[in-house]
Amino acid sequence: MTTRVALVGGTGKLGGIIRDVIDRSDGFEVTAVLTSRSGLDELDGADLVVDASTPAVSVDVVRAAIERGINVLVGTSGWSEERIAQVRPLVDAAGTGVVFIPNFSLGSVVGSAIAAASASFFPSIEIIEAHRDTKVDSPSGTAVRTAELIAAARADVGPVESPHADQRARGQKVASVPIHSLRRPGVIARQETILSGPGESLSIVHDTIEPARAYEPGIRIALDAAREAHGIVVGLDSFIDIGISRTVPVAEIGGTDENDVTGQVARVTGA
C-alpha cells in the first residue's frame, strides 16, 4: 500500500532533498506540495504530512495535521522541549503520531550521543554551531537537541558550569549549556561541542559536506518510522542504536555505527 505524502516546504532546500528521496522510495508518493502560498486544506487526503517549512509556519502545520488525524514527520528546526510540550496533549487526544527530527544526518546523531554520554564527566560544556547565512533561526535545532540530551545526562550531577552567562556574548543558554551560533556564507552545517574539565578538554565536531547524501539514510529511516508512529517521538536516535555506554536511557539517546555514512565528517579530539 502506498503512503500518500503531503510535503510542506517542498520547494526549499531540505524539502527538495526530501522530495527526491520520496520519489525514489517504494511505498511513498508525494501527492501534494505546499508552499508559502498554499492553504492548509491541501493536507486533506494525505496519509502522512512531512513538514520542511519554517519555524513560524511549522506549528500551524503540525496542529492542522493533528486535527485531521494525520501523522507528521517534522524536519523543521526550532522545536525545543517546551514547544513540543504545547502540542503533546493534542497528539495524545487525537491518537496520532508526530516525529520531530532535529537533524537527518546519522553522523550528527552519533556526535550528539557521544556528547551526552560524556557529559557527566566534564563540568564545563559549550556548543558552537555554524550554518549558512540564509538559515533564519538560531540556535539550530541540532544544538538545542544536543544541549537537552546533555542536560538529561547530567541529571545526577547538576547543570554545567557557565560563568558570566548573563553577558550576551556568552551565548544563549539552553538547558544550562551556552550555545554560540554563527551564520555566514561558505558553510553548510557544522557543530562543535566542547567539554572541559581540570587539565583537559574534549571536542566533538560534525561537518555536513553534502546535505543530499548525508541526509538520505536518515530521511528513509524517519519516513518509515513516522508512518507507523504513535505519540510524540524526538530525534532520529529514537530509531537507531549507536551501541555505546550511556548515561541517559535508551529511549532518550541512540545512534548508529558511523561507518559508510556519506556526505559528512565527524571527529572526536582531546587536548
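Given the structure is predicted, the values throughout are model-derived calculations rather than measurements. In what follows, residues are counted from 1 in the order of the sequence shown.
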Subject >> Counterpart residues, side-chain contact (heavy atoms from CB on, under 4.5 Å), relative to D41 (two or more places apart) >> reply: D44, R68
Under 3.5 Å, side-chain donor or acceptor atoms of residues 90-103 against the rest of the protein: list the pairs with distances, not counting sequence neighbours.
unit_1	atom_1	unit_2	atom_2	d
N103	OD1	S105	N	2.8
N103	ND2	S108	OG	3.4
N103	ND2	T142	OG1	3.0

Subject >> Candidates I194, T146, I204 - the one meeting side-chain contact (heavy atoms from CB on, under 4.5 Å) with I127 >> reply: T146
**OP:** Report whether V62 and L40 are members of the same hydrophobic cluster (ILVMFWY, side-chain heavy atoms less than 4.5 Å apart, transitive linking).
**Re:** yes
Original post:
OG of S112 to CG of D237: how many Å apart, nearest 0.5 Å?
Top reply: 7.5 Å
Original post:
What residues, two or more places apart in sequence or in another chain, satisfy side chain to side chain donor-acceptor pair (under 3.5 Å) together with S80?
Top reply: E82
Subject >> Closest non-hydrogen atom pair between P55 and V136, with its separation >> reply: CD-CG2, 4.2 Å
Original post:
If you look at every heavy atom in P178 and I125, which pair is closest and at what distance?
Top reply: CD-O, 3.4 Å
**OP:** Sequence neighbours left out, what pairs pass side chain to side chain donor-acceptor pair (under 3.5 Å) with at least one residue falling in residues 55-64?
**Re:** D51-S58, S58-W79
Subject >> NZ/NE/NH1/NH2 to OD/OE distance under 4.0 Å, D137 and K135 >> reply: yes
**OP:** List the steps, then state whether side-chain contact (heavy atoms from CB on, under 4.5 Å) holds for L223 with I22.
**Re:** CA-CA 9 Å; L223 284 169; I22 293 175; 3.8 Å; yes
**OP:** Any chance you could measure T11, atom OG1, to R37, atom CZ, to the nearest 0.5 Å?
**Re:** 7.5 Å
Subject >> Heavy-atom donor-acceptor pair, R4 side chain to F28 backbone, under 3.5 Å >> reply: no
Original post:
So, T76 side chain and S53 main chain: donor-acceptor pair closer than 3.5 Å or not?
Top reply: yes
Subject >> Pairwise distance CD1(I221) to CG(L106) - rounded to 0.5 angstrom >> reply: 5.5 Å
Original post:
So, do V50 and V8 sit near enough that their side-chain heavy atoms are less than 4.5 Å apart?
Top reply: no
**OP:** Using side-chain contact (heavy atoms from CB on, under 4.5 Å) as the criterion, list what pairs up with S124, not counting sequence neighbours.
**Re:** S196
Original post:
How would you list all residue pairs meeting salt bridge (Lys or Arg N to Asp or Glu O under 4.0 Å) that involve residues 169-181, not counting sequence neighbours?
Top reply: E126-R170
**OP:** Could you tell me whether R184 and D133 have a side-chain N and a carboxylate O separated by less than 4.0 Å?
**Re:** no
**OP:** Can you run down the salt bridge (Lys or Arg N to Asp or Glu O under 4.0 Å) pairs that involve residues 159-169, sequence neighbours left out, and say none if there aren't any?
**Re:** none
Original post:
Would you say the side-chain atoms of R19 pair up with the backbone N or O of L14, donor to acceptor, closer than 3.5 Å?
Top reply: no
**OP:** Enumerate the residue pairs fulfilling salt bridge (Lys or Arg N to Asp or Glu O under 4.0 Å) with a member in residues 215-236, sequence neighbours excluded, ordered by first and then second residue.
**Re:** R24-E216, E216-R220, D224-R227
Original post:
Just wondering, do T2 and D26 contact through their side chains at under 4.5 Å, heavy atoms?
Top reply: no
**OP:** Could you state whether I114 and F121 fall into the same hydrophobic cluster, counting links through intermediate Ile, Leu, Val, Met, Phe, Trp or Tyr residues with side-chain heavy atoms under 4.5 angstrom apart?
**Re:** yes
Original post:
Is S176 reaching over with its side chain to a backbone N or O of P159, donor-acceptor style, under 3.5 angstrom?
Top reply: no
Original post:
Would S138 and S181 count as having a side-chain donor-acceptor pair, cut-off 3.5 Å?
Top reply: no
Subject >> Sidechain-backbone polar pair: E192 side chain, H206 backbone, donor-acceptor under 3.5 Å >> reply: no
**OP:** Given side-chain contact (heavy atoms from CB on, under 4.5 Å), test R190 with V205 step by step and report yes or no.
**Re:** CA-CA 7 Å; R190 175 184 173 89; V205 181; 3.7 Å; yes
Original post:
After noting the C-alpha distance and the side-chain angles of L202 and T193, does the key distance pass the side-chain contact (heavy atoms from CB on, under 4.5 Å) rule?
Top reply: CA-CA 8 Å; L202 172 69; T193 304; over 6 Å; no
Original post:
Rounded to the nearest 0.5 Å, how far does CD1 of I179 lie from CD of Q172?
Top reply: 6.5 Å
Subject >> Considering all heavy atoms, the nearest F122-S118 contact >> reply: CD1-O, 3.3 Å
Original post:
Is the backbone of G235 close enough, under 3.5 Å, to the side chain of S238 for a donor and an acceptor to pair up by distance?
Top reply: yes
**OP:** Give the minimum heavy-atom separation between L73 and A226, together with the two atoms involved.
**Re:** CB-CB, 3.8 Å
Original post:
Once you round to the nearest 0.5 Å, how far does CG of L48 lie from OG1 of T3?
Top reply: 7.0 Å
**OP:** Please identify each residue that fulfils side-chain contact (heavy atoms from CB on, under 4.5 Å) with I188, with sequence neighbours left out.
**Re:** R132, T208, P211
Original post:
Under the side-chain contact (heavy atoms from CB on, under 4.5 Å) test, which residues partner A32, sequence neighbours left out?
Top reply: A6, L34
Original post:
Are F239 and Y215 connected in a single hydrophobic cluster, I mean Ile/Leu/Val/Met/Phe/Trp/Tyr linked by side-chain heavy atoms less than 4.5 Å apart?
Top reply: yes
Original post:
How long is the span from the CD1 atom in I219 to the CD1 atom in I17, to the nearest 0.5 Å?
Top reply: 6.5 Å
Original post:
Of all residues at least two apart in sequence or in a different chain, which pass the salt bridge (Lys or Arg N to Asp or Glu O under 4.0 Å) check with R183?
Top reply: E129
Subject >> Exercise: identify the closest heavy-atom pair between N71 and A229 >> reply: ND2-O, 2.9 Å
Original post:
With sequence neighbours left out, which residue pairs that include part of residues 7-17 fulfil the salt bridge (Lys or Arg N to Asp or Glu O under 4.0 Å) condition?
Top reply: none
**OP:** Please report the closest heavy-atom contact between L43 and A65, naming both atoms and the distance.
**Re:** CD1-N, 4.1 Å
Subject >> Step-by-step side-chain contact (heavy atoms from CB on, under 4.5 Å) determination, D47 to I70 >> reply: CA-CA 6 Å; D47 302 311; I70 306 172; 5.9 Å; no
**OP:** Determine whether T54 and V57 make a side-chain contact, defined as any pair of heavy atoms from C-beta on separated by less than 4.5 Å.
**Re:** yes
